[in-house]
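Computation of the quantities below employed the complete heavy-atom set of this structure, encompassing side-chain atoms and omitting hydrogens, waters and symmetry-equivalent molecules.
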Amino acid sequence: MGDLLKGISSFRGDVFPDHSALYRKLAREGQSPQALMISCADSRVMPETITQSGPGELFVCRNAGNIVPPFQTLNGGVSSAIEYAVVALGVRDIIICGHSDCGAMKGLCHPDALGKMPNVAAWLKHSHAAHSIVCEAYPPSLDEKEKVRAVAMENVVVQLDHLRTHPSVAAKLAKSEVTLHGWFFDIETGDVLVYDGAAARFTEIRDHQALPVAVRGRGVPHVIPATAPMAAE
């Protein structure tokens with residue numbers, strides 16, 4: 001706690017004065033973040049640092065395993081954060097960010113280690129599909145590190161599918177008012193891989209090239225099909 005208190009003191013004395021005008025503006029006008037990022041609660045993964053975002057630019061929701069429960073499953077903090085970001089704040093981009101060496105994914109691969117953490121085990125049921133994909137569709141020769149990495153990447157894709165079950169997100173996708181992104185942060189190298197939905201794979205970010213996206217808004221038909229005629233009595 002001593003280090004945290006020193007940090008607060010440093011923020012108040014050295015950092016805040018240079019940004020006080022921005023904070024006053026945010027307090028007066030409210031927030032208008034560019035994107036919602038759902039990331040893991042791992043202390044090594046810092047969304048604002050990775051994206052170099054400033055105050056008011058990024059709406060962040062963090063939890064163990066960067067999980068998005070399907071809409072009908074749970075009315076909790078993640079679902080509420082998504083709904084608020086999309087409906088109240090009008091974010092146009094939602095990012096699910098997984099990472100290497102993820103403790104949640106290790107627990108998914110080794111459920112015996114979760115014996116004393118029943119809540120964690122129950123929470124990770126929302127990632128079981130990712131584990132099944134790796135166990136059944138990936139080469140059995142993967143070593144432990146490769147397996148955890150593969151599960152973490154597949155988990156991003158699974159959570160993107162869950163995200164689309166949320167009515168607020170589905171409606172915005174139908175109107176092409178939101179875009180979904182899947183990212184994977186490598187802690188050791190600092191690289192960020194991006195999921196390309198069209199190619200169904202993660203790819204490196206390349207300078208001066210368009211950023212691949214996971215799911216684009218599809219739009220809705222402008223012509224509603226006519227009702228089939230009633231059969232003559």
Side-chain angles (χ1 to χ4, degrees), residues 1-69 71 74-99 156 159-160 162-185 187 190 192 194 205 207-208 210-217 219-220:
M1 286 301 296
D3 290 339
L4 297 181
L5 292 175
K6 289 178 181 178
I8 292 173
S9 178
S10 177
F11 170 76
R12 287 287 302 142
D14 302 326
V15 177
F16 184 82
D18 292 337
H19 300 87
S20 59
L22 172 59
Y23 279 101
R24 285 197 300 270
K25 180 181 179 181
L26 290 170
R28 183 174 63 251
E29 300 178 4
Q31 61 174 320
S32 183
Q34 300 173 4
L36 162 64
M37 181 179 282
I38 301 169
S39 70
C40 188
D42 192 300
S43 61
R44 300 166 295 178
V45 180
M46 301 174 64
E48 292 87 351
T49 300
I50 295 169
T51 60
Q52 289 295 282
S53 298
E57 295 180 348
L58 192 63
F59 194 74
V60 178
C61 177
R62 302 180 67 172
N63 65 73
N66 43 273
I67 286 171
V68 176
F71 176 75
L74 184 67
N75 179 20
V78 178
S79 300
S80 299
I82 292 168
E83 190 172 79
Y84 185 79
V86 172
V87 177
L89 300 179
V91 300
R92 298 190 66 89
D93 293 277
I94 304 176
I95 305 155
I96 296 179
C97 184
H99 68 96
V156 170
Q159 304 314 319
L160 285 166
H162 292 174
L163 185 57
R164 298 175 69 176
T165 69
H166 289 250
S168 57
V169 176
K172 294 295 184 180
L173 282 171
K175 295 191 292 182
S176 296
E177 292 180 357
V178 73
T179 302
L180 310 185
H181 307 266
W183 291 4
F184 182 86
F185 173 60
I187 294 173
V192 176
V194 177
I205 298 176
D207 293 338
H208 311 301
L211 184 71
V213 301
V215 183
R216 294 186 185 276
V220 293

Problem set entry | Non-hydrogen atoms of F59 and A81 that approach each other most closely | CE2-O, 3.7 Å
Exercise. Do H166 and V86 come close enough that some side-chain heavy atom pair is under 4.5 Å?
Worked result: no
Problem set entry | Expected output: side-chain Q34 to main-chain E57 donor-acceptor under 3.5 Å | no
Seminar exercise, completed: From the list V60, L58, V91, side chain to side chain contact (heavy atoms under 4.5 Å, CB included) with P33 holds only for V91
Seminar exercise, completed: For S20, the side chain to side chain contact (heavy atoms under 4.5 Å, CB included) test, sequence neighbours excluded, returns F16, R24
Exercise. Hey, does V169 have a side-chain heavy atom less than 4.5 Å from the side chain of L180?
Worked result: yes
For this session: I would like to know whether T51 and V192 meet side-chain contact (heavy atoms from CB on, under 4.5 Å); could you show each step before the answer?
Result: CA-CA 10 Å; T51 60; V192 176; over 6 Å; no
Problem set entry | Heavy-atom side-chain contact between V78 and P69 under 4.5 Å | yes
Exercise. Less than 4.5 Å apart, any side-chain heavy atom of F185 and any of N66?
Worked result: no
Exercise. Hey, is CZ on R44 packed in by over 12 heavy atoms from elsewhere, all under 6.0 Å?
Worked result: yes
Exercise. Between atom CG of L163 and atom CG of L36, what is the distance when rounded to the nearest 0.5 Å?
Worked result: 8.0 Å
Problem set entry | For E177, salt bridge (charged side-chain N to carboxylate O under 4.0 Å, His left out) partners two or more places apart | K172, K175
Exercise. Looking at side-chain heavy atoms only, is the closest gap between I82 and I38 below 4.5 Å?
Worked result: yes
For this session: Measure from the side-chain N and O atoms of S79 to the backbone N and O of F71, and report whether any donor-acceptor pair falls under 3.5 Å.
Result: no
Exercise. Counting heavy atoms not belonging to R62, are there more than 12 under 6.0 Å from its CZ?
Worked result: yes
Problem set entry | Backbone of L26 reached by a side-chain donor or acceptor of E29 within 3.5 Å | no
Exercise. Is a donor on one side and an acceptor on the other found under 3.5 Å between the side chain of H181 and the backbone of C97?
Worked result: no
